[in-house]
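Below is one structure, written out as structure tokens; comments come after it.
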Amino acid sequence: DANIIFRESMGRGRAYSDFVRDENPIIVGLAISEIAKNWNTDHLTVLLGALTNDDSSNRWGAFVTLQKNAGPRFDRIVDELLADSDLRKRGLAAYAIVEREGEQKFDVLEKMLLDPAELVRFDAVSALVIRGGVKGKKILSKHLRIEKQPRLKALIDQALKSIPK
């Protein structure tokens, strides 16, 4: 059982940085949960590493934990994620960008919708659906006409129907 392995390894002093690279996604998730409960700034680097985990739930958990705990450094982290070559990190940035104040956030998200990587476009669409409001809906309506990926196009179409007018 992953819980037993995790607890025993914690008792032997295994570092969080080792846990977030574990092959077992449950162990990675347990480590991220422990980091969230026992936050200190040393965990920042560990969570940044977890943003490349193959399990999307673990990437999201690491991202949310950073968002809640990184404080004023989080904006800089998001800017770095946005410029990262790793598609998973670039995509995650969309969910923080949409939370920012000001209209320039929409410029960034529109640019993300033009990214050649489907994952980045998917995350930009998701962020706009979740928190983009009326302006996000307009951006998605415009983007729907040029999106080439059939699954993403269908997702945008479905999302537009579900966003209140």
Quiz prompt | Partners meeting side-chain contact (heavy atoms from CB on, under 4.5 Å) with Lys138 (sequence neighbours left out) | solution = Val134
Quiz item: For the residue pair Leu87 and Ala117, what are the closest heavy atoms and their distance?
Solution: CD2-CB, 3.4 Å
Practice problem: Please answer: with hydrophobic residues joined when any side-chain heavy atoms are less than 4.5 Å apart, are Leu114 and Phe122 in the same cluster? | Solution: no
Quiz item: Can you list the residues that meet the ring pair (Phe, Tyr, Trp, His ring centres under 6.0 Å) rule with Tyr16, with sequence neighbours excluded?
Solution: His43
Under 3.5 Å, side-chain donor or acceptor atoms of residues 64-74 against the rest of the protein: list the pairs with distances, not counting sequence neighbours.
residue : atom : partner : partner atom : Å
Thr65   : OG1  : Gly61   : O            : 2.7
Asn69   : ND2  : Thr65   : O            : 2.8
Arg73   : NE   : Ala70   : O            : 3.4

Practice problem: Measure the spacing between CG of Leu51 and CD1 of Ile77 and express it to the nearest 0.5 Å. | Solution: 9.0 Å
Quiz prompt | Glu34 CD to Lys37 NZ distance, which is reported to the nearest 0.5 Å | solution = 4.5 Å
Quiz item: How far does CD1 of Ile156 sit from CZ of Arg145, to the nearest 0.5 angstrom?
Solution: 11.5 Å
Quiz prompt | Separation between CG of Leu128 and CD1 of Ile97, rounded to the nearest 0.5 Å | solution = 11.0 Å
Quiz item: Atom CG in Leu48, atom OG in Ser17: separation rounded to 0.5 Å?
Solution: 12.5 Å
Quiz item: Would Leu47 and Trp39 count as a side chain to side chain contact (heavy atoms under 4.5 Å, CB included) if you check the C-alpha gap in whole Å, the side-chain angles of each, and the deciding distance to 0.1 Å?
Solution: CA-CA 11 Å; Leu47 289 176; Trp39 176 258; 3.4 Å; yes
Quiz prompt | Any Asp75 side-chain heavy atom under 4.5 Å of Arg100 side chain | solution = yes
Exercise. Apply the test side chain to side chain contact (heavy atoms under 4.5 Å, CB included) to residues His143 and Glu110: give CA-CA distance (whole Å), side-chain angles for both, the deciding distance (0.1 Å), then the verdict.
Key: CA-CA 8 Å; His143 181 69; Glu110 282 185 284; over 6 Å; no
Practice problem: Among residues two or more places apart or on two chains, list those pairs meeting side-chain hydrogen bond (donor to acceptor under 3.5 Å, both in side chains) that have a residue in residues 120-135. | Solution: Tyr95-Asp123, Glu99-Arg131, Glu103-Lys135, Arg121-Glu147
Self-check item: Partner residues of Phe106 under the ring pair (Phe, Tyr, Trp, His ring centres under 6.0 Å) criterion, sequence neighbours left out
Solution: none
Quiz item: Which residues satisfy the side-chain contact (heavy atoms from CB on, under 4.5 Å) test with Asp18, sequence neighbours excluded?
Solution: Arg14, Ala15, Arg21
Practice problem: Hey, could you give me each pair passing salt bridge (charged side-chain N to carboxylate O under 4.0 Å, His left out) that has a residue in residues 56-66? Not counting sequence neighbours. | Solution: none
Practice problem: Using a strict 4.0 Å threshold on nitrogen-to-oxygen distance, state whether Asp86 and Arg90 make a salt bridge. | Solution: no
Quiz item: How would you list, by chain and number, every residue that makes a side-chain contact (heavy atoms from CB on, under 4.5 Å) with Asn24, sequence neighbours excluded?
Solution: Ala2, Asp22, Ile26, Ile27
Quiz prompt | Check: Ile35 and Phe19 side chains under 4.5 Å, non-hydrogen atoms | solution = no
Quiz item: To the nearest 0.5 Å, how far apart are CD in Gln104 and CG in Asp107?
Solution: 7.5 Å
Exercise. Can you sort out the partners of Asp55 under salt bridge (charged side-chain N to carboxylate O under 4.0 Å, His left out), two or more places apart, ordered by chain and number?
Key: none
Quiz prompt | Side-chain donor or acceptor of Lys89 paired with backbone N/O of Leu82 under 3.5 Å | solution = no
Exercise. Please test Glu80 against Arg76 for side chain to side chain contact (heavy atoms under 4.5 Å, CB included), starting from the C-alpha separation and ending with a verdict.
Key: CA-CA 6 Å; Glu80 290 170 5; Arg76 181 181 46 80; 3.1 Å; yes
Quiz prompt | Heavy-atom check, side chain of Val108 versus side chain of Val98, under 4.5 Å | solution = no
Practice problem: Kindly give the heavy-atom pair with the smallest separation between Pro25 and Glu23, and that separation in Å. | Solution: CD-O, 3.2 Å
Quiz item: What residues, two or more places apart in sequence or in another chain, satisfy salt bridge (charged side-chain N to carboxylate O under 4.0 Å, His left out) together with Lys105?
Solution: none
Quiz item: If you link I, L, V, M, F, W and Y whenever their side-chain heavy atoms are under 4.5 Å apart, who else ends up in the same group as Ile4?
Solution: none
Exercise. With sequence neighbours left out, write down each residue that passes side-chain contact (heavy atoms from CB on, under 4.5 Å) with Ala50, or none if nothing qualifies.
Key: Val20, Ile32, Ala62
Self-check item: Any donor-acceptor pair under 3.5 Å from Arg88 side chain to Val120 backbone
Solution: no
Quiz item: Quick one: does Leu140's side chain get under 4.5 Å of Val129's, heavy atoms only?
Solution: yes
